[in-house]
Amino acid sequence: MKEFEYLRPANLEEACRLKAQWGEEARVLAGGQSLLNMMKLRFATPACLIDLSRLPELQQVRSAGSAVSIGSMLTYSAAKSALPDYGVVQDALEVIADMQVRNLGTLGGSCCQADPFGDMPNIVRALGVQMEALSSSGSRMIAAEEFITGPLETSMRPDEVLTRLHFPELPPGSGSAYEKFSYRKGDYAIVSIAAVLTVDGDGRCASASLVAGGMGVGPAPLPKTAAAMLGQRLDEEQLARIAKLARGECEPADDAVYGSAAYKRALVQTLTGRALARAWSRAQASAQAGA
Amino acid sequence: MSYIGKRMLRREDRRILLGKSRYVADIRLPNMLHARILRSPVAHARIKSIDLSAARALPGVAVAIDREDVRHIPRFGHRHTRWPVGDKSVFCLEKALFVGDEIAAVAAETPYLARDAVELIEVDYEELPAVVDPELAMQDGAALVHDELVAAGIIPGNTMYTMKLRAGDMAKAEKEAELTVSGRFYSNQPVCNPLETHGVVASWDEINGEMTIWTSTQGITIVRDGVADLLGIPARKVHVIVPDVGGGFGAKVGLFAHELITCILARKTGRPVSLILDRTEELTACTSRCAQVRYAELMLTREGRFVGWREKVIQDQGAYAHAGPSVMQLGTELGMLPYKIPNVQIDGFDIYTNKNPGSAYRGFGVPQAAFVRDSLLHMAAKKLGVEPEYLMRLNMVKGEECPITLALGQKVDSTGVDLCLEKVVSEAAKRGWKKGLWRGMGYGTTLKHSSCRHPRMDYDHDTVRISMQGDGGVLAETAATHIGQGNWTTLAQIVADQLGMDIDNVSVTGHSSAGPRGFGTWGSRTITITGNALVRACDAVKARILPVAAHLLEAHADELEFADNGVRMKTAPTRKLSLRELITVMERQKGRLPPGMEAGPVEVVASYDSPTTLPDEDGVGNMSMTYSAAAHACWLEVDPGTGKVTILDYIMAEDAGVAINPLIVEGQHQGAVAMAISQVLFEGLRYDEQGQLLNGNYRDYYTALATDIPDLSQVHDCGVPSKTTLLGQKGAGESGNVPALAAVANAIEEATGIRFTEMPITPEKILLALAAREGDAA
């Protein structure tokens, strides 16, 4: 590590003031599970860390109907009970790192880190989570698709801090799932697939969103594949067809360590099939429960 | 005999488990500086200039040094080559030879400042073509790694060592062969990955001209002699102290540049200096297992009898020799065991490349050879339509045949390898393993040498000192540092039994050059060579004490025995003198001693050198006095959607001779198997075509996690006592590392129908091979 200032603001107002004051020189410290490793390797050398991890208002969970909003500093462990109906989140919580990391790491921190092999960026993208950012001049909502702009890059301004993640309402017949392949348990993904869909009264797919992680750039949506699902009953044959479409649509980067493009394409096919099968059965269960 | 064979808890563990152990990084000396090495970011480059001025100007920096400070120091690293000069200088003099090579160093008030200062050093590199692929590097016209050694006429090119192994008559083998299986195999380049990285603290006493070094090493005397020789300090004035060591596995045998650099910094500043390498340095620059390409052919008769072995071995040595040439020779020659192959023709080429050097790593070359051998055996079994265990049984050395001398002169004094094989075969049947869709099982075997006489080093000895204390206790000093193997417990069991003592009265140490001038701990030598030296030392102690006891007990020496912390009449155990009484008499009561005997302490130094021989120019010789054995069986499942391998179950049987402490023997085996599973499925340094290391941290360098290792709790004991070692003991730390590589590869072939010949066998390789086969079928 390089020497740095450590600041722990007492409230959000002070946090915004400090962020405005230090600008790009400062990084927000959330759970520190990615940032501190990068600092140890001197890949990140912030002059100042602004520790928001203990601000109570950034831990709060609020529900309105079936929609839930969480503070950006909510840890993975705490999110388990806060977001029970989002299958895609629950799946991810089982495969993100290890218990120690999940006890410290935060959903907001993972989104801001924007690691192209991370998990949360794919999930907020697939669900269409609204990201709330605050600065001294006020707060604004950023749509998930506009939040991450590239590997390790977000559209947050230097004077802003991420305060809340607004998860959307889940109509009856909603189902979602997350599939991730890593060489070892708890590693960053080689490839991951976040699938979110709804089933209508006829038992057909009414909406679908599919996002691939591990492609090398950040969350990579597969809109053509998702569109091909609409109006379909996702039986085994359809799942196989759609999984193959996903393989064709994805554009993974070749990586000497994390796998060749050919391998990642094959994984996209396998994981899409598995994620959709689970999301579909959850959607059907949700439809039945709603009926 | 009450301790040998007893499952005793390791006495080393308590302080480690309670967090009370102290490693080099825990050492804080008054006024101590912290050092950091600048390492080459490029694989191969001429160093045009180095500018230390900005680093020196940084407040808090005490000193910055580079090649200009070390030009007068001789080159080193020729222990295993026996060249007139070494291939390594303290800092790169003209060229940087791999990513991680030492360029310069600073010592500063804090470790953070030292890092800041290193970033300020400016080096002008003129990049040269990187030599990455050993098969290309050995061709004429390839860029030269060590052009200075070529110019000096020491080596002809990048081929730094050529090995020839010859036995029997290959023409005869070819005539007899009714089936030949062959392949090109690649053995990957994992690193040892000790939990504790390499680290050194050096302190220079200017007045007396003495250097004290605390270092994380397996070889106290190698460090002492090396530092003394290269820095021009008398060896008697170099003191090496080894605190707790957090693992070695071979990577801490030998003298390293960072040890010399720390001493130089301490001498220049007159202040103690601490240098703790980080994980990236450990992965990048602290040696690795020797990667090898092996073109191998196994010739058999129709009934499955092995008649010939032909092989071309190309070893990727990396930038420096270290122990590489010995790894290739010993590993190849002894890696053929336990199979009887009458006709052998092997040519080996050790090739310099611009990479992390290959050196000692648990198994010392035997795993690489055995991976190829047991893979080919499995392939042959499939062609012949027989079970692999049938071929193993038919061709392996059996206990009843021992002692037996094999084609290359390897004398197997005793073995339980046949028992190990039968054990795992019957156990697999008992557990109901079945070949099924995407499921398969495979076997692997080994004989692993217990210490050895390395080619070009005509010695295989160790030395210990036993001092009887006035309170009746005994201190046994060795040079065998404890690097996590529980050797101080095991050796204490030996001493306690030899002297008839309660083990609580026995201390064994091995952490300082103030101890006897022994060698160190590696290559399964501690239990055999050090153990034998201890037996000899105990015999000498007994020979000193016995006449005194006989005199005082008014008995004949042959009526007495050492037991119950003393010496007593065999027939009347109550007629006894305690060791405390005896030592007191011997040290302080001359009048009670036999007439003419002088008073004095009982302190004995003893050595043991194994009854082995160097190989001749055909490689024929008996380099190891005994071999431990093992057989493994692996049952696994492959996910056809991802290529992921899950090991469902794993069976181990081993022969460690007389197991002094079965608990420790089993633990060694379990750890060695986990390490091998990690190598075959996950590990290995990866370099790109420019010689850049692609996986220099633990996010990118994969080792197996606990979740990847099957239940290894049961190790079947098939021990057969050695006929050569003094207690029948054999090595235990390495045999487990050998059979797992082929056992896993063989099981993967059974599960998928595809033979993988290159480690690591990753999910990617498996899935793409499955896809290619489907494509071919369609």
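In what follows, chains are A, B, ... by sequence order, proteins preceding strands, each numbered from 1.
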Identify which part of B:L768 has an atom lying under 4.5 Å from any heavy atom of chain A, answering side chain, backbone, both or neither.
-> side chain
In this structure, are over 12 heavy atoms from other groups packed under 6.0 Å from A:Q21 atom CD?
-> yes
Return yes when atom OH of B:Y23 has more than 12 non-hydrogen atoms of other residues, nucleotides or ligands closer than 6.0 Å, and no otherwise.
-> yes
Taking atom NZ of A:K244 as the centre, does the number of heavy atoms from other residues, nucleotides or ligands within less than 6.0 Å exceed 12?
-> no
Taking every non-hydrogen atom, the tightest pair across B:T280 and A:L41 | OG1-CD2, 4.2 Å
Check whether more than 12 heavy atoms from other residues, nucleotides or ligands sit under 6.0 Å from atom CD of A:E251, and answer yes or no.
-> no
With a 4.5 angstrom heavy-atom cut-off, which part of A:F181 approaches chain B: side chain, backbone, both or neither?
-> side chain
Nearest 0.5 Å please: distance from the OG1 atom of B:T642 over to the OH atom of A:Y263.
-> 5.5 Å
B:L705 side, atom CG; A:Y183 side, atom OH - distance, nearest 0.5 Å = 14.0 Å
Just grab all the side-chain hydrogen bond (donor to acceptor under 3.5 Å, both in side chains) pairs involving residues 38-49 of chain A, residues at least two apart or on different chains.
-> A:R42-B:D116, A:R42-B:E119
If you count heavy-atom pairs under 4.5 Å between each of A:A256, A:A266, A:A262, A:G186 and chain B, which one has the most?
-> A:A256
With sequence neighbours excluded, give me every salt bridge (charged side-chain N to carboxylate O under 4.0 Å, His left out) pair touching residues 256-277 of chain A.
-> A:R274-B:D639
Tell me, side chain or backbone of B:T703 under 4.5 Å from chain A's heavy atoms, or both, or neither?
-> both
Look at atom NZ of A:K2 and say whether more than 12 heavy atoms of other residues, nucleotides or ligands are closer to it than 6.0 Å.
-> yes
In terms of heavy-atom proximity below 4.5 Å to chain A, should B:R115 be classed as side chain, backbone, both, or neither?
-> both
Applying a criterion of heavy atom separation less than 4.5 Å, what residues of residues 186-193 of chain B form contacts with chain A?
-> none
Measure distances from A:N37 to the heavy atoms of chain B and classify the residue's part below 4.5 Å as side chain, backbone, both or neither.
-> neither
B:Y702 ring centre to A:R184 NZ or CZ under 6.0 Å, with the angle to the axis within 45°?
-> no
In terms of heavy-atom proximity below 4.5 Å to chain A, should B:Y698 be classed as side chain, backbone, both, or neither?
-> backbone
Rounded distance [0.5 Å steps], CD in A:Q269 versus CG in B:L767 = 9.5 Å
All heavy atoms of B:L694 vs all of A:V257, minimum pair found to be O-CG2, 3.6 Å
Listed partners of B:K644 passing salt bridge (Lys or Arg N to Asp or Glu O under 4.0 Å), at least two apart | B:D708
